[in-house]
Each structure stands twice: as structure tokens, then as C-alpha cells.
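See structure below.
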Amino acid sequence: SQTIHQWPATLVQPVGSPLSLECTVEGTSNPNLYWYRQAAGRGLQLLFYSVGIGQISSEVPQNLSASRPQDRQFILSSKKLLLSDSGFYLCACKPSGSQGTRDTQYFGPGTRLTVL
Amino acid sequence: AQSVTQLDSHVSVSEGTPVLLRCNYSSSYSPSLFWYVQHPNKGLQLLLKYTSAATLVKGINGFEAEFKKSETSFHLTKPSAHMSDAAEYFCVVSSLWGKLQFGAGTQVVVTP
């Protein structure tokens, strides 16, 4: 079964500073990968998803970006953080070999980002 | 397009009493439906999923959910709440390519 690692677990950054959050996956190859954000008191919002190396789809316009330099590595970045970027960031994985609507996403432990 | 509505933002139950979390969905496709649980500052854990097999789905920790197509509902139940069930619960519908649409969540409080 797959395991999803995220780091750091918590992060406090000043407004205007850069950001890099990392997600790595073990136990599967060529997974679909996802970044979600959960703001305080709100549900989960899909930010980016990737079906393969170098393939990124953005769901919501924002000052964040994502990259997938390796098959099982997914990075969320920003050049200049905003206060509104604070939240809980979750990486998710849909294992390979699964198509269509029938398959489950598995979530990492999350990164708590506070922008001051 | 698909959407999901969780009818209660907060549910408070006494330990040992039944839990009911309500969820309605809409989908252009034959949907896959999920319930996830999130404990404070933790990732999401899958409780159960419906994928067009049996309409009554049993999950972990004694939870189950019934898919009712006529009512477009997928309510989550547990016969007897435990203190460890205090958490936030998300009803989710899956679209093509595994994109998930989350409900707003239901916060469950369990009192002794």
C-alpha cells in the first residue's frame, strides 16, 4: 500500500517570503497526485493535480504553483506568500492502474502554514 | 457537474448514542461516494466508499453508509458513538480522473 510523506509538518513564514512544500509517495508508481488547501472553517479546495511527470493542472488562479520533477514527488511553491495563503495543505495520491471515478485518494498528514 | 451538501455543520451526541451525519449529492455520472474523517491537525482518513456495488457500505470503526439513489443521499451512521469519534467528517463525490468534490464538513462532538 502507498504511504504519503509531507514536510514540513508546520511552517510559519512572513508575508512576501517564498514557499516550498514537498510531498513524496511510496508504494506505487505513476500515481495521480493532488494538492489541496483547507482554510480555517472551510472545506477542502483542490489547487493542483498531476497525472504524470511535468504535467500540472491548476484548478484555481492564485500565486501558488506546483511542479512534479519526479514520478513520486510533488512540490507546491510560491515566490511571495500572501496572508490569505495560510491554511492546512494536504497532498493526496490516487494509485496507478486505477481509472475513472471508482478509485480512492489517500491523503498525507498535511502541512500547517501560517503566514504572518 | 457534481456537488455535495452536508446538511449539518455541527452534530453533538452523547457517548453510546447513535450518530447520523447527512449528505446529499448531485452528479452527472454514476457517482463514487466517500466519507473521510479528519482529526485535529491530521490528514484525512478514509472511512468507507461506495462504488456501485452494495448500497449499504460498511466502513472502519463501526461506521456505515447507505446509498439511496432515489433520494440522492449517502448518510453516514454509527449505532453507538465513542469519544474517539469526535472529529470532522467529509462527504465526497468523485468525478472523472479522480477529482474529488468535498462537502463543507460536519464537526462531531461527543459528550460523556
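First the proteins, then the strands, lettered A, B, ... as listed; each starts at 1. Since this is a predicted model, take the numbers as computed values, not measurements.
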Q. For the ring-ring contact (aromatic ring centres under 6.0 Å, His included) test, which of B:W35, B:F63, B:F102 pairs with B:Y89?
A.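 Going through the options one by one, the only one that passes is B:F63.
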(Q) Taking side chain as everything from C-beta outward and backbone as N, CA, C, O, which of these in B:Q6 sits under 4.5 Å from a heavy atom of chain A? Side chain, backbone, both or neither. (A)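 For B:Q6, there is no contact with chain A at all, as no heavy atom is under 4.5 Å.
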Q) So which part of B:L46 gets closer than 4.5 Å to some heavy atom of chain A, the side chain, the backbone, both or neither? A)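 Side chain of B:L46 only, per the 4.5 Å heavy-atom cut-off to chain A.
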Q.
Counting heavy-atom pairs closer than 4.5 Å to chain B, which one of A:G110, A:P109, A:C91, A:A92 comes out on top?
A.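 With the most close heavy-atom pairs to chain B, the winner is A:P109.
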(Q) Using ring centroids (six-membered ring only for Trp), state whether B:F34 and B:F74 fall under 6.0 Å. (A)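 Here the rings of B:F34 and B:F74 have centres that are no less than 6.0 Å from each other.
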Q: Compute the ring centroids of A:F107 and A:Y36, then answer whether they are less than 6.0 Å apart.
A: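 Yes, close enough.
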Q: Under 4.5 Å heavy-atom distance to chain B, tell me which part of A:Q45 shows up: side chain, backbone, both or neither.
A: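 When you check distances to chain B, no heavy atom of A:Q45 falls under 4.5 Å.
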**Q.** Segment of A:L44 engaging chain B (4.5 angstrom heavy-atom cut-off)
**A.**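 Both the backbone and the side chain of A:L44 come within 4.5 Å of chain B.
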Q | Value rounded to 0.5 Å, distance of CG in A:L90 from CZ in A:R112 | A |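 These two atoms lie 9.0 Å from each other.
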Q. Atom CD in B:E64, atom CG in B:L56: separation rounded to 0.5 Å?
A.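 B:E64 CD to B:L56 CG: 4.5 Å, rounded to 0.5 Å.
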**Q.** Under 3.5 Å: donor-acceptor pair, side chain of A:N32, backbone of A:K94
**A.**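 Side chain of A:N32 to backbone of A:K94: no pair is present.
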Q: Group every Ile, Leu, Val, Met, Phe, Trp and Tyr by side-chain heavy-atom contacts under 4.5 Å, then state whether A:Y34 and A:L113 land in the same group.
A: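 No.
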Q: Determine, using the 4.5 Å side-chain heavy-atom cutoff (strictly less than), whether A:V51 and A:I75 are members of one ILVMFWY cluster.
A: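 No, it is not one cluster - the side chains of A:V51 and A:I75 are not joined through contacts under 4.5 Å.
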Q | Residues from residues 2-22 of chain A approaching chain B under 4.5 Å (heavy atoms) | A |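 If one takes a 4.5 Å heavy-atom cut-off, no residue of residues 2-22 of chain A lies near chain B.
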